[in-house]
Structures are given as structure tokens and as C-alpha cells.
Asker: 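Structure provided below as C-alpha cells; questions to follow.
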Amino acid sequence: MKRINPAWVEMIRAGVSACPYFDLQSMRLTEVSWGQASLELALAAKHTQPFGLVHGGVVATLADAAGFWGVYSQLEPGLGMTTVELKVNYLSPTKAEGKLIGQGKCIKLGRNLGLGEASISTDDGRLVAHATTTLMVLSDLKLKHQDQLPPKFLD
């Protein structure tokens, strides 16, 4: 297990949380460690479907991001990833109150593909969904401002 540089984590958290899509969803990356990531999504009326419940796409977005960042935490510097498959099991409907918490975990990372999983819960601990995500590793896909990041791993 490699140790992740705390300075790298802080820059990633700030950059990811400020990206336009995360801002649109009121979502932020809260923690990153080796093989794990946590995100929060502040629920609001904009996240609901016509029956007043949180839309499944919102839950899928959080699951995709949690699984992605859990796997990305183990990826060698200079590489990128994109989701090629997302499987979500919706376990419980939820109202747009409080927050959803996404816990992501790396199951396996190979040279070309990664497999992550995510658990999505309400802020009071009720499990809303479980997901798996398959990610393709790409050598030509870089984070914005990649060249400004400190070293990812500590020796």
C-alpha cells in the first residue's frame, strides 16, 4: 500500500469539488486515501423527480463519482480514467433532505481496467444504493492543472 501525499489530496479535493458538474449537483469530494474515497451531496429540490423523491440519476452520479475516486486513488500519476460501465442497485427511496454520502472503494486496478464499488447512504446512515463501476485507464486523459499537482505518493 502506498501512502498518498496529503498536499496532493487537498489539491485534488479542492479541484474536483470546484468542477462545474460537482457544483451543479452540490457535490464535493471530502476524503481520499489509498483505495477509498468519500463524497457528500447536499440534497435540494433540484434533485427530485415528479414524485418528490431524489431522482435515481442523482444517486447514480454520486455512486459513479465515489467508485471512480476510490479507484483513482491507486492510479499511477499521469494517467486518467473514464467510466465504461455503471451498475446501480437502488435499495431505498429517499427525500431531498439532508445529504447523501458516497463511500467508494477500489476492488481491483489493472493496467487497462479498474473495478470500484460504492455505497450510498443518507446522512443518518440508511443505505440507499450499492453500485459497481468499471473504469478504463487512459494514458492520454489528464486532470486539468495536472502539471501543478504535488507528487501523489510519498516514498
Asker: Flag the pair L43 / V54 as yes when at least one side-chain heavy-atom distance between them is below 4.5 Å, and no otherwise.
Answerer: yes
Asker: Hey, could you give me the CZ/CZ distance between R13 and R28, rounded to the nearest 0.5 Å?
Answerer: 7.0 Å
Asker: Quick check for you: to the nearest 0.5 Å, what is the distance between K105 atom NZ and L115 atom CG?
Answerer: 10.5 Å
Asker: Has K142 got a side-chain atom pairing as donor or acceptor with G78's backbone, closer than 3.5 angstrom?
Answerer: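 Yes, K142 side chain to G78 backbone: donor-acceptor pair under 3.5 Å.
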Asker: With a 4.5 Å cut-off on side-chain heavy-atom distances among I, L, V, M, F, W and Y, is there a chain of contacts connecting I107 to V84?
Answerer: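 No, I107 does not connect to V84 through the hydrophobic network.
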Asker: So, for L143 and W69, which heavy atoms are closest and what is the spacing to 0.1 Å?
Answerer: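 Heavy-atom minimum between the residues: CD2-CH2, 4.1 Å.
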Asker: Walk me through whether T122 and K99 qualify under side-chain contact (heavy atoms from CB on, under 4.5 Å).
Answerer: CA-CA 6 Å; T122 59; K99 295 179 184 174; over 6 Å; no
Asker: Atom CG of L127 and atom CD1 of I120: how far apart are they, to the nearest 0.5 Å?
Answerer: 8.5 Å
Asker: Side chains of L109 and V137: does their closest heavy-atom pair fall under 4.5 Å?
Answerer: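 Of all side-chain heavy-atom pairs linking V137 with L109, at least one is under 4.5 Å.
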Asker: What distance separates L141 CG from M136 CE, expressed to the nearest 0.5 Å?
Answerer: 11.0 Å
Asker: Give a yes or no on whether Y21 and L100 share a hydrophobic cluster (residues Ile, Leu, Val, Met, Phe, Trp, Tyr; joining criterion: side-chain heavy atoms under 4.5 Å apart).
Answerer: no
Asker: If we ignore hydrogens and angles and just use 3.5 Å, is the side chain of H47 paired with the main-chain N or O of Q25 as donor and acceptor?
Answerer: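 Pair found, side chain donor or acceptor close to backbone of Q25.
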Asker: Looking only at heavy atoms, which two atoms of A131 and A63 are closest? And how far apart?
Answerer: CB-CB, 3.6 Å
Asker: With clusters defined by side-chain heavy atoms of hydrophobic residues (ILVMFWY) lying less than 4.5 Å apart, directly or transitively, does M81 cluster with M11?
Answerer: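 Result: yes, single cluster for both.
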Asker: W34 and V32: same hydrophobic cluster, using ILVMFWY side-chain contacts below 4.5 Å?
Answerer: yes
Asker: Are L75 and V71 in one and the same hydrophobic cluster, where Ile, Leu, Val, Met, Phe, Trp and Tyr link if side-chain heavy atoms are under 4.5 Å apart?
Answerer: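 Same cluster: L75 reaches V71 through Ile, Leu, Val, Met, Phe, Trp or Tyr contacts under 4.5 Å.
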Asker: Mark yes or no for whether R3, through its side chain, and L154, through its backbone, hold a donor-acceptor pair below 3.5 Å.
Answerer: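 Looks like no, no N/O pair under 3.5 Å.
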Asker: Decide yes or no for L135 and Y72: does some side-chain heavy atom of the first lie under 4.5 Å from some side-chain heavy atom of the second?
Answerer: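 With C-beta onward as the side chain, the pair stays apart.
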Asker: Report yes or no: does S73 contribute a side-chain atom to a donor-acceptor pair with the main-chain N or O of S33 at less than 3.5 Å?
Answerer: yes
Asker: In Å, rounded to the nearest 0.5 Å, how long is the span from OG1 of T61 to CG of L41?
Answerer: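 Answer for the OG1-CG pair, T61 versus L41, is 8.0 Å.
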Asker: Is the Lys NZ or Arg CZ of K95 less than 6.0 Å from the centre of F51's six-membered ring, within 45° of the axis?
Answerer: no
Asker: Tell me whether S17 contacts the main-chain N or O of A14 through its side chain, where contact means a donor paired with an acceptor under 3.5 Å.
Answerer: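 Answer holds: no.
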Asker: Closer than 3.5 angstrom, by distance alone: can the side chain of N5 be matched with the main-chain N or O of K152 as a donor-acceptor pair?
Answerer: no
Asker: We want to know whether K46 and S26 form a side-chain donor-acceptor pair, criterion being a heavy-atom distance below 3.5 angstrom.
Answerer: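 Short answer, yes.
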Asker: Using atom types as modelled and distance alone, determine if a side-chain donor or acceptor of T133 lies under 3.5 Å from a backbone N or O of D64.
Answerer: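 Checking the backbone N and O of D64 against the side chain of T133, no donor-acceptor pair under 3.5 Å is found.
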Asker: Specify the closest pair of heavy atoms between V59 and A129, including all atoms of both residues, with the distance to one decimal.
Answerer: CG1-CB, 3.5 Å
Asker: Regarding S121 and R126, do their side chains bring together a donor and an acceptor under 3.5 Å, going by distance alone?
Answerer: no
Asker: Going from CD on E85 to CG on L113, what distance comes out if it is rounded to the nearest 0.5 angstrom?
Answerer: 10.0 Å
Asker: Please determine whether side-chain contact (heavy atoms from CB on, under 4.5 Å) holds for the pair T134 and T83, giving the CA-CA distance in whole Å, both sets of side-chain angles, and the decisive distance to 0.1 Å.
Answerer: CA-CA 6 Å; T134 304; T83 302; over 6 Å; no
Asker: What's the shortest heavy-atom distance between S139 and L79, and which atoms?
Answerer: CA-CD2, 3.7 Å
Asker: Please check if any side-chain donor atom of S119 sits under 3.5 Å from a side-chain acceptor atom of Q103, or the reverse.
Answerer: no
Asker: For H130, does the NE2 atom have more than 12 heavy-atom neighbours from other residues, nucleotides or ligands under 6.0 Å away?
Answerer: yes
Asker: If you compare all heavy atoms of L62 against all heavy atoms of M27, which two are closest, and at what distance to 0.1 Å?
Answerer: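 Smallest heavy-atom distance, with atoms named: CD1-SD, 3.6 Å.
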Asker: Got a donor-acceptor contact below 3.5 angstrom from the T30 side chain to the S38 backbone?
Answerer: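 Yes; at least one donor-acceptor contact below 3.5 Å.
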Asker: Counting only N and O atoms by type, is there a donor-acceptor contact under 3.5 Å from the side chain of Y90 to the main-chain atoms of G56?
Answerer: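 Side chain of Y90 to backbone of G56, a donor-acceptor pair under 3.5 Å: yes, one is there.
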Asker: Do R111 and E76 meet the salt-bridge criterion of a basic N to acidic O distance under 4.0 Å?
Answerer: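 No, E76 and R111 are not salt-bridged.
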Asker: Show the nearest heavy-atom pair for residues P150 and A7, with the distance to one decimal.
Answerer: CG-C, 3.7 Å
